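Hydrogens, waters and symmetry mates are skipped; everything else that's a heavy atom, side chains included, is used. This is a predicted model, so every value here is computed, not measured.
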Amino acid sequence: MKKLLTDWRIHLLAFVLAVIAEMIGRIRFDFGVAAFSLFPMFYALILGAVLGGAKLIPTEMMEKASPFGSVCVMMVVAKCGTGIGPNLDIVKQAGIAMILQEFGSIFTVILAMPVAILIFHMGRAAVGCSFSISREEGIAIIGGKYGLDSQEGVGVMGGYVTGTILGTLFLGIVTSLIASLQLFHPYALAMACGAGSTSMMTAGIASVIEYYPDMADQITAFATSSNVLSSVDSFYKYLFITLPMCNVIYRLLTSGNKHYKNGVPVKGREQSTQAEREEKE
């Protein structure tokens, strides 16, 4: 850690990006019926992605900066956690609603698997990227059960990378749009933000608080409690409920499907056969 802290370039770049993002500030797009806002976190992520993609940040520097992500997340969790205690009674009143909303991830399986198989004709990678939100718990389950070098492993790692890069941006924008419609109670929106990813949760609650600034503490408490609960029960939920569901749906949708043969995409099978022939030659 001492060695990492000596690289002043990382801290200078982070400071500069934070200042630029804060100077841009919040930008609101209003379409009458719905609206959404972009926050400084969005600009910082985009600026970092652009600089990295343009090779303006050395690979060594990016690798050194990676551990700081966990440190920052710990600080965010600690800050959000301070809001749970004073609002614990309100959170308790949610009762069964707080527990039942945890099963919302089941619908990601119901929605994602048919799209992956019937539209994109994906192989077993569809199982890996659809049974969870592809965070650390999901990677651990797939890695232990199938191995990360399997098709399921490719799927969960693809979901992890996509979620890391786009998940925070997506949740921030979508939450802002839904909050602007004022169809749901702010507590419900807050609980929905706690999907098990702290960065996504932070972006989501910022959008909700924009519309309900007087309830900032309560919204943060509900979101943080939901996020902690999601992190605790997600491993067992993924292992015993959503992963078996994905396997059943995969068998049902690929059976008799002209794009699949014995559960393998026809196109993928052709490529695999060609690769085997080339290897033998």
Side-chain angles (χ1 to χ4, degrees), residues 49 52-53 66 99-171 173-174 192 194-197 199-200 227 229-281:
S66 296
I99 298 174
L100 290 178
Q101 63 94 30
E102 290 298 315
F103 291 93
S105 57
I106 293 176
F107 291 94
T108 64
V109 176
I110 297 173
L111 294 173
M113 285 296 290
V115 172
I117 295 172
L118 301 179
I119 298 179
F120 296 107
H121 311 307
M122 292 176 62
R124 293 288 302 176
V127 174
C129 67
S130 299
F131 85 105
S132 69
I133 62 170
S134 299
R135 295 295 92 192
E136 286 75 7
E137 298 87 352
I139 293 175
I141 292 172
I142 294 297
K145 192 173 182 64
Y146 302 102
L148 293 180
D149 57 344
S150 64
Q151 281 297 305
E152 292 85 353
V154 171
V156 73
M157 289 307 299
Y160 181 83
V161 173
T162 304
T164 301
I165 297 174
L166 301 177
T168 302
L169 310 181
F170 177 81
L171 189 63
I173 293 174
V174 170
S197 170
S199 59
M200 295 182 190
N227 201 59
L229 187 58
S230 296
S231 299
V232 171
D233 71 5
S234 60
F235 186 89
Y236 301 100
K237 179 175 58 181
Y238 295 152
L239 183 61
F240 296 115
I241 299 178
T242 57
L243 184 57
M245 282 181 63
C246 279
N247 284 318
V248 170
I249 294 174
Y250 186 86
R251 287 194 295 269
L252 290 174
L253 295 182
T254 58
S255 178
N257 191 322
K258 66 178 182 180
H259 297 286
Y260 292 82
K261 186 175 181 181
N262 297 326
V264 179
V266 174
K267 184 177 180 181
R269 178 177 290 277
E270 292 174 351
Q271 293 174 347
S272 177
T273 304
Q274 178 64 24
E276 291 175 358
R277 284 200 299 264
E278 292 177 355
E279 185 177 351
K280 291 180 180 180
E281 293 175 357

Measuring from [X]:[atom1] to [Y]:[atom2], what's the distance to the nearest 0.5 Å?
| X | Y | atom1 | atom2 | answer |
| --- | --- | --- | --- | --- |
| Lys237 | Leu243 | NZ | CG | 13.5 Å |
| Cys246 | Ile110 | SG | CD1 | 10.0 Å |
| Leu239 | Phe131 | CG | CZ | 8.5 Å |
| Thr242 | Ile106 | OG1 | CD1 | 7.5 Å |

Over all heavy atoms of both residues, which pair between [X] and [Y] is shortest? Give the atoms and the distance, please.
| X | Y | value |
| --- | --- | --- |
| Gly138 | Ser132 | CA-OG, 3.9 Å |
| Ile117 | Ile249 | CD1-O, 4.4 Å |
| Ser134 | Gly128 | OG-O, 4.2 Å |
| Ile141 | Tyr238 | CD1-CB, 3.6 Å |
| Cys129 | Met122 | SG-CE, 3.9 Å |

Under 3.5 Å donor-acceptor, Tyr260 side chain and Leu253 backbone: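 A pair under 3.5 Å: no.
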Exactly one of Val264, Asn247, Val154 clears side chain to side chain contact (heavy atoms under 4.5 Å, CB included) with Arg124, and that residue is Asn247
As a quick check of understanding, evaluate side chain to side chain contact (heavy atoms under 4.5 Å, CB included) for Thr254 and His259, giving each step before the final call. CA-CA 8 Å; Thr254 58; His259 297 286; over 6 Å; no
